[in-house]
Amino acid sequence: MKVLLYNELNPKTIPGFAKLKKYLQDDDFKSAEVKKVGDNLYRARLNQRDRLLFSIYQHQQQNYALILEFIKNHAYQDSRFLRQVSSIDEDKIPVMLKPDETGEKELVYLNPGHNAFNLLDKIISFDDRQQSIYDLQPPLIVIGSAGSGKTALTLEKMKQAVGDVLYVTQSAYLVKNSRDLYYAHHYDNPDQQIDFLSFQEFLESIRVPAGKPVTFQAFQQWFSRFRQGQLKDAHKLFEEFRGVITGPATDKSWLSREDYLNLGVKESIFLGEERDAVYDVFEKYLGFLQEQRLYDSNIVSHQYLQHVQPSYDFVVVDEVQDLTNIQLYLIIKSLRQAQDFILCGDSNQIVHPNFFSWSKVKSLFYRQEDLQTSDELIRILNTNYRNSPQVTDIANKILKIKNQRFGSIDKESHYLVESNGHTQGEVLFLQDTASIRQELDSKTKASTQFAVIVMTVDQKPAAQQHFSTPLVFTIQEAKGLEYENIILYNFLSQEETRYREISKGVSPADLERDIKYARAKDKTDKSLEVYKFYINALYVAITRAVKNLYWIESSPKQPLLDLLGLRDAQGSLLLANQNSTLDAWRQEAHKLELQGKQEQAERIRNEILKQKTPDWQVITAEALSDLKRKAFEGNDKNAKITLFEYALVYEDRDVINTLLKTEFKAAKQPDKGLQMLQQKHYSAYSFKKPDAVLKQVNQYGPDFRNIFNQTPLMVAAWMGNVEVIKALFELGADTEKVDGNGLTAFQVALSQTDRSDAYAKKKLADIYELLEPTSMSIQVDGRLVKLDKHSMEFFMLNLMIALFYRVMPNKMTYRLDGFATQDFIDAVQHIPHCVLPERRKQRAYLSSILSKNEIDKDDKHNRKLFYRVKHGAYIFNPRLALKVEDEWVNIYDLLIIDRLSPVYKPNLDWWNEYNEKGMVLCKELLKQLIAEQTGEKP
């Protein structure tokens, strides 16, 4: 077999590598002493102490051994790829004599000229063009179509950076996805400190703006109340405000009326005679932002130029075409050296008329003295690994029409795409008839593999009337999505006049010529900007189809369709039934929700999954107050029982103590009460199989709340049910929701780990990564700080929150105290090595993290998490806020000080009274300290 080496391994540092490589090349597994240690994971013997880990893949009937890792001194526990393998006893594993052909996996693409591979979430083999770009040094602009591998390439380039690194893009979903790709298989680079931020988070990392960012939905609702004259298109106006009036200039927050009226014909999507009215609305828009406590990110970006600090050594900007000049300029200003960046994107995917062009990006650098860069910035990736050849062929014809009709505002925007898709598909052109619509609808409405795309929001009702699938998108909504099959519905017919104008003067012979860089002949012709949106929209819609495109038009005789070779619309269609499982639909709803597609996610839940709202009352903060009144003032026995159960769930000592004082007998035996509680309310979570829980999830969704305000994931974490947690994870259960104590499911698991050694030893390793959120957004001194789950600060802050109600009562009886290093040592001692390495459990290391993050400590990476109340004793920084379900919440509003209470001991009234008085005093001292630190009245 052939042997390929992971690009981060150096064969010169691996003893005996050459000899072992020869054994593998000769399929001599016996001499290499190959043993299988995991799923497609094999180890080979280098010498008495050291091992080599590899996987076996196939490509074009050829076997390949992919060398993944050098393991020194049998230290399998430190392996990136063996985290979930509990232990490896080499003596009990037989030596393999030949490759295990049943376990071989197929590589979709492999460059035969390379002896190395890269790795994100999967094996990556760069083609020659990608490799040549990978070998370049920044600054760099990488242009590539969807599926060209530009994100994977730039993420791999990021691994070469040293120091403080920023990855930023407009989409929060893309941020999370890229972060997860980057750290796949537990990748770690000690030479880097990386922030993965959406542009919104980047702004907040400089200073959290007052209010909330304005959205198109908010703007549309406001504008609909007073739309006037010829200005009726809210979307067009919104984009003009953001792409023309506030976005391009870097020397002012917005253009003056005079500057706006004097713009050239190609610098606005409105005619000269319309611009006065547009600016009138813009001035009202500024008032609307102020009244509603909203902000425009372009305006804030300009204001923040005076606040941004050069704090990054390297920056990657993904999907740069979605950003404005001022936003990009602000990002680049955060660099210590202005040339240390990579930008990547594709101007053909712009579906907002924001006047983006690569020439404007280049001119931004040439115009700003502090951003001088090389002339050889740009590289183009034109191989597509996603779409089928048939879809790519149609997309290329659209690019040729665009080039022939409008010329090119910059040559970088015009290139053809070469398909390297490995799946054949088809493009079917269909007449818009009742029978065609009915055939498509009946066969595809139950499938997650089919989506319908229309041009505008006005077309959605008609499409939704004919197609029952919840997956109906406008072109703006569809950007960033991909489906195996796309139904393009009346995309041209609804805008027939515009598409006839687009195809004007272009002949089939023109499409046979090579694409070329040439500006439009008539420089006063506004058609490029007016129509670029429509041709780009068509390109983006088509390239959402990975395999097949079903193109339906009610007016099939159009010049553009002739140019594309789609002259004769079919009047019939034979299609097999396409059905997806309910689990697939649940996962689809979760994915769309993460991408901000709430409308489609809700339709899936209502129409496909038929989920409903539970009919019980959830004990929220308000309901809890009423329950206490009924129990203590009304002496209601049922209320006392429910309150006692609630207190057991949340370890609320204050409530249990009060119940004891009222002679509520069950409160004297909390362990027995807890056992009965679990039998009464949590029996579904006591079974190993998740079926009983999933039955409820099918009814109410994966994040419904029980009467105690817990989601199924929180309960499963509390009960330690591994199989239920795995099932809920697969369904996309939300890991960031909080319970009545302000704890996430992850923090609940950490709390249970501290409570039970068995939980820590037997369950935590299996559920830790499923429950652990990707990151934690905190606000300190008015700035967002994103704690990645790789950092020890992330772990210790979560652990401290998890233990707050258990540890702090013991620290507030005689005097105001706080968490000590020993409290963390006690909590982590039984946590498995694969979750927390031994070096992170050491006293000195834990103490250093606490000390480094004191609010007054001078350290570049100080997150200001802790306030030292005395030597070696810490509480949360009173000015610390956490982002909880998109809202900033102060840590002491999330965690409830009044729930802290000492253990009540029956028949020891003097002891109880003494402790209670001490606790009351300490609570007051803590509240006073918080007030002093936050500047609020105690």
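Everything numeric in this text was worked out from a predicted model, so none of it was measured.
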*Asks:* Does some side-chain heavy atom of Tyr874 sit less than 4.5 Å from a side-chain heavy atom of Ser851?
*Replies:* yes

*Asks:* Is a side-chain N or O of Gln306 found less than 3.5 angstrom from the main chain of Gln303, in a donor-acceptor match?
*Replies:* yes

*Asks:* In terms of side-chain geometry, is the basic nitrogen of Lys786 or Asp195 positioned less than 4.0 Å from the acidic oxygen of its partner?
*Replies:* no

*Asks:* Does a donor on one side chain and an acceptor on the other come within less than 3.5 Å for Tyr646 and Asn709?
*Replies:* no

*Asks:* Under 4.0 Å between a side-chain nitrogen and a carboxylate oxygen: does that hold for Lys852 and Asp859?
*Replies:* no

*Asks:* Could you point out which residue of Leu894, Leu865, Leu895, Ile930 forms a side chain to side chain contact (heavy atoms under 4.5 Å, CB included) with Phe876?
*Replies:* Leu895

*Asks:* Provide the closest heavy-atom pair for Phe288 versus Leu294 in the form atom of the first, atom of the second, distance.
*Replies:* CZ-CD1, 3.7 Å

*Asks:* How about Tyr167 and Phe196: are their ring centres within less than 6.0 Å of each other?
*Replies:* yes

*Asks:* Glu887 versus Lys212: any side-chain heavy-atom pair under 4.5 Å?
*Replies:* yes

*Asks:* Less than 3.5 Å apart, any donor N or O on the side chain of Asp788 or Ser775 sitting next to an acceptor on the other?
*Replies:* no

*Asks:* Find the distance between CD1 (Ile897) and CE (Met919) and round it off to the nearest 0.5 Å.
*Replies:* 11.5 Å

*Asks:* Are Val828 and Phe795 packed together at the side-chain level, in the sense that at least one heavy-atom pair is separated by less than 4.5 angstrom?
*Replies:* yes

*Asks:* How long is the gap from NZ on Lys811 to CG on Leu816, to the nearest 0.5 Å?
*Replies:* 11.5 Å

*Asks:* Check this for me, if you would: do Asp898 and Lys927 make a salt bridge, where the nitrogen-to-carboxylate-oxygen distance has to be below 4.0 angstrom?
*Replies:* yes

*Asks:* For residues Gln710 and Asp739, is any side-chain donor paired with an opposing acceptor at under 3.5 Å?
*Replies:* no

*Asks:* Is the closest side-chain heavy-atom distance between Ser625 and Glu622 below 4.5 Å?
*Replies:* no

*Asks:* Run the ring-centre check on Phe819 versus Phe804 and record whether the distance is less than 6.0 Å.
*Replies:* no

*Asks:* What do the steps show when you test Ser847 against Thr821 for side chain to side chain donor-acceptor pair (under 3.5 Å), and what is the final call?
*Replies:* CA-CA 6 Å; Ser847 295; Thr821 303; 2.8 Å; yes

*Asks:* If we check side chain to side chain contact (heavy atoms under 4.5 Å, CB included) with Phe824, which of these qualifies: Ile849, Leu846, Asp754, Leu803?
*Replies:* Leu846

*Asks:* Do Arg879 and Gln779 get their side chains close enough for a donor-acceptor pair, meaning under 3.5 Å?
*Replies:* no

*Asks:* Mind telling me whether Tyr285 and Phe241 have parallel, tilted or perpendicular rings, with 30° and 60° as the class edges?
*Replies:* tilted

*Asks:* Would Asn298 and Gln327 count as having a side-chain donor-acceptor pair, cut-off 3.5 Å?
*Replies:* yes

*Asks:* How about Glu204 and Gln200: does a side-chain donor come under 3.5 Å of a side-chain acceptor?
*Replies:* yes

*Asks:* Applying the side chain to side chain donor-acceptor pair (under 3.5 Å) test to Asn853, which of Glu793, Arg863, Lys864, His861 qualifies?
*Replies:* Glu793

*Asks:* Over 60° means perpendicular and under 30° means parallel, so tell me whether Phe704 and Trp616 are parallel, tilted or perpendicular.
*Replies:* perpendicular

